[in-house]
Every structure is written in structure tokens, then in C-alpha cells.
Amino acid sequence: MLSQHIKEQTHAAHQNVEGTIVRQLKNIRSEADYAEVLKGFYAYFRAVEDSIAPFVTAEVLPDLAERRNSSYIKSDIEALGGNVDNLPEANAPAVANIQEALASLYVLEGSIMGGPYIVQMLNKYGLTKGTSFFEGYGENSREMWAGFTAVLNKYSEDPATYDRAVEIANQTFYNFGEVFTPIASAN
């Protein structure tokens, strides 16, 4: 199954971007700091969403409208008193078909699954507003993840195409981390 193959083959990239993001989160000291970090998430999620939109439709992913997306991040930024002006540069990998688009979306959907841990971290810092995106799907998270991976696997029945899907997923992780590089350099 492609979902398992991507998980195994992107472990290093996943760990790398996770470390980059956790460092950003640990530097948050105020709602304004948090809103700035969220701008990176917003810019990147929106870039990937725009890239995959021609391929990942409600026909492909029937519950697409119920999935978390950049609009939730924008709402969180605004709840913190921020806006989506002056966003960091964010570049999504170029995708050419449904499987590649789903491989890129795998990274975004996976990051949502880790959201509850981010909410806990933020709460420790006294931040309780602007967490709707990271709250993910609540008690339906496992079901939503299983539904997504079932669709990914459905569109990925040929193991000969797995390498390209892994390449796209790794690039998605790498590019996500790049959004936060200017922030890291400034701290």
C-alpha cells in the first residue's frame, strides 16, 4: 500500500520538518508570535491546496469539503488579532496527476493528525485562542485519516508509481520546512 510506503520512505524528511516546526512553536511567547508562526502554515497549506486543486476534487476525495484547510488557519490568525498580510514565501511541489496530488496532501493531512499535541504545547504557554485548525478532526481523526489513506491507496495500485509519489511527499515535507527557515534565521 502506498500510504505505508510513503510513511516509511519519508521518515527522515518528516522528522526534519517536525523538528523545525517544534523549534518555532517553542519560541512562541505571545499571541502575536503564534500568529506569525501560523502565517507559515497558512502560506504553505494554501500553496499546496492551490497546486493540488485540479486533481483532488470531491469526486476523488468525497469528504474534501469537511477536511481542514487553510481557511481554518486564516480564522485562527484573525482570532489572534493578526492578518494574512506579509506572508512568508511558500512553494508547493509541482504535481501532474491525482496520485502525486494525493501524495502531497498526505503530508498536510498527516500534520493535522499531530495537531492535538501542538494544542497541548500551546496551552502550556498560556495560549488558548486560535487553535481550531490544530484541533483537527477531534474524535473523528482516526476515521478521517483512514478515509484519506484509503483514497490514496485506491489511486495508487501500481507499485511502479510509488517512487514518484514518495518523491513528491518528501518534497512537500522539505518545502514545508523551507517556509520556516527565514523565521529560524531571525531568532
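On a predicted model such as this, the values are computed, not experimentally measured, just so you know. Both backbone and side-chain heavy atoms feed into the values below; hydrogens, waters and symmetry mates do not.
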I would like to know whether F55 and V60 meet side chain to side chain contact (heavy atoms under 4.5 Å, CB included); could you show each step before the answer? CA-CA 8 Å; F55 306 103; V60 172; over 6 Å; no
Take M144 and I112 through the test side chain to side chain contact (heavy atoms under 4.5 Å, CB included) and record every step on the way to the result. CA-CA 10 Å; M144 294 294 281; I112 293 166; over 6 Å; no
Chi angles and distances behind the ring pair (Phe, Tyr, Trp, His ring centres under 6.0 Å) call for F41, F134: CA-CA 11 Å; F41 277 86; F134 290 126; 5.2 Å; yes
Can you list the steps and then say if L105 with L61 is a side chain to side chain contact (heavy atoms under 4.5 Å, CB included)? CA-CA 11 Å; L105 185 56; L61 188 60; 3.9 Å; yes
Evaluate the criterion side chain to side chain contact (heavy atoms under 4.5 Å, CB included) for residue pair R67 and F148; output intermediate values, then yes/no. CA-CA 10 Å; R67 293 194 172 267; F148 171 76; 3.7 Å; yes
If you apply the rule ring pair (Phe, Tyr, Trp, His ring centres under 6.0 Å), what do you find for F133 with F45, and how did you get there? CA-CA 11 Å; F133 177 75; F45 271 63; 5.1 Å; yes
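Residue pairs meeting the ring-ring contact (aromatic ring centres under 6.0 Å, His included) criterion with at least one partner in residues 66-104, sequence neighbours excluded, are absent. Within the structure, ring-ring contact (aromatic ring centres under 6.0 Å, His included) pairs that include any residue of residues 84-120 comprise Y106-W145 (at least two apart or interchain).
Of the possible donor and acceptor atoms, one in the side chain of S111 sits under 3.5 Å from a partner among the backbone N and O of L108. With N153 contributing its side chain and T149 its backbone, the two residues share a donor-acceptor pair below 3.5 Å. Here the side chain of S51 pairs a donor or acceptor atom with the backbone of P93 at under 3.5 angstrom.
Side-chain atoms of K7 and Q4, non-hydrogen and from C-beta on, do get closer than 4.5 Å to each other. Looking at T131 and Y34, their side chains come closer than 4.5 Å, going by heavy atoms from C-beta outward. Between Y125 and K26, some side-chain heavy-atom pair lies under the 4.5 Å cut-off. For the pair E31/L127, a side-chain contact is recorded, criterion being any heavy-atom separation below 4.5 Å from C-beta on. For the pair H5 and V166, the minimum side-chain heavy-atom distance is below 4.5 Å. Side chains of L122 and T128 form no contact here, defined as non-hydrogen atoms less than 4.5 Å apart. Annotation: side chain of I77 is not in contact with side chain of L80 (no heavy-atom distance under 4.5 Å).
Contact record, A169 with V107: O-CG2, 3.5 Å, taken as the closest heavy-atom pair. For the residue pair T20 and G177, the shortest heavy atom distance occurs at CG2-O, 4.1 Å. Of all non-hydrogen atoms in F173 and A13, the two that sit nearest each other are CB-CB, 3.7 Å. Here the closest heavy-atom approach between residue A92 and residue A47 is recorded as CB-O, 3.5 Å. The minimum heavy-atom distance between P88 and G40, with the atom names listed, is CG-CA, 3.7 Å.
For the side-chain contact (heavy atoms from CB on, under 4.5 Å) with L102, the qualifying choice from I168, L2, I52, L152 is L152, the only one to do so.
The same ILVMFWY cluster, assembled from side-chain heavy atoms under 4.5 Å apart, contains both M121 and I28. By the criterion of side-chain heavy atoms lying less than 4.5 angstrom apart, applied directly or through intervening Ile, Leu, Val, Met, Phe, Trp or Tyr residues, M1 is not grouped with V151; the two fall into different hydrophobic clusters.
Around atom CD of E89, no more than 12 heavy atoms belonging to other residues, nucleotides or ligands sit under 6.0 Å away. Within a 6.0 Å sphere centred on OH of Y162, other residues, nucleotides and ligands contribute more than 12 heavy atoms. Within a 6.0 Å radius of CG in N86, no more than 12 heavy atoms belonging to other residues, nucleotides or ligands are found. For E59, the CD atom is loosely surrounded, since the number of other residues' heavy atoms within 6.0 Å does not exceed 12.
One finds the OG atom of S70 at 12.0 Å from the CG atom of L38 (value rounded to the nearest 0.5 Å). Atom CG of residue N91 and atom OG1 of residue T172 lie 11.5 Å apart, to the nearest 0.5 angstrom. For the atom pair CG of L25 and NZ of K124, the computed distance is 12.5 Å after rounding to the nearest 0.5 Å. Note: N69 CG to E109 CD = 9.5 Å, rounded to the nearest 0.5 Å. Rounding to the nearest 0.5 Å places NZ of K74 at 13.0 Å from OG of S132. Here the CD1 atom belonging to I73 is positioned 12.0 Å from the CD atom belonging to E78, to the nearest 0.5 angstrom.
Using cut-offs of 30° and 60° on the angle between ring planes, the pair F176 and Y44 is parallel.
Classification of E36 and K39 as a salt-bridged pair holds, one side-chain N sitting under 4.0 Å from a carboxylate O.
Applying the salt bridge (Lys or Arg N to Asp or Glu O under 4.0 Å) rule to R164 yields the partners E100, E167; only residues at least two apart in sequence or on another chain are considered.
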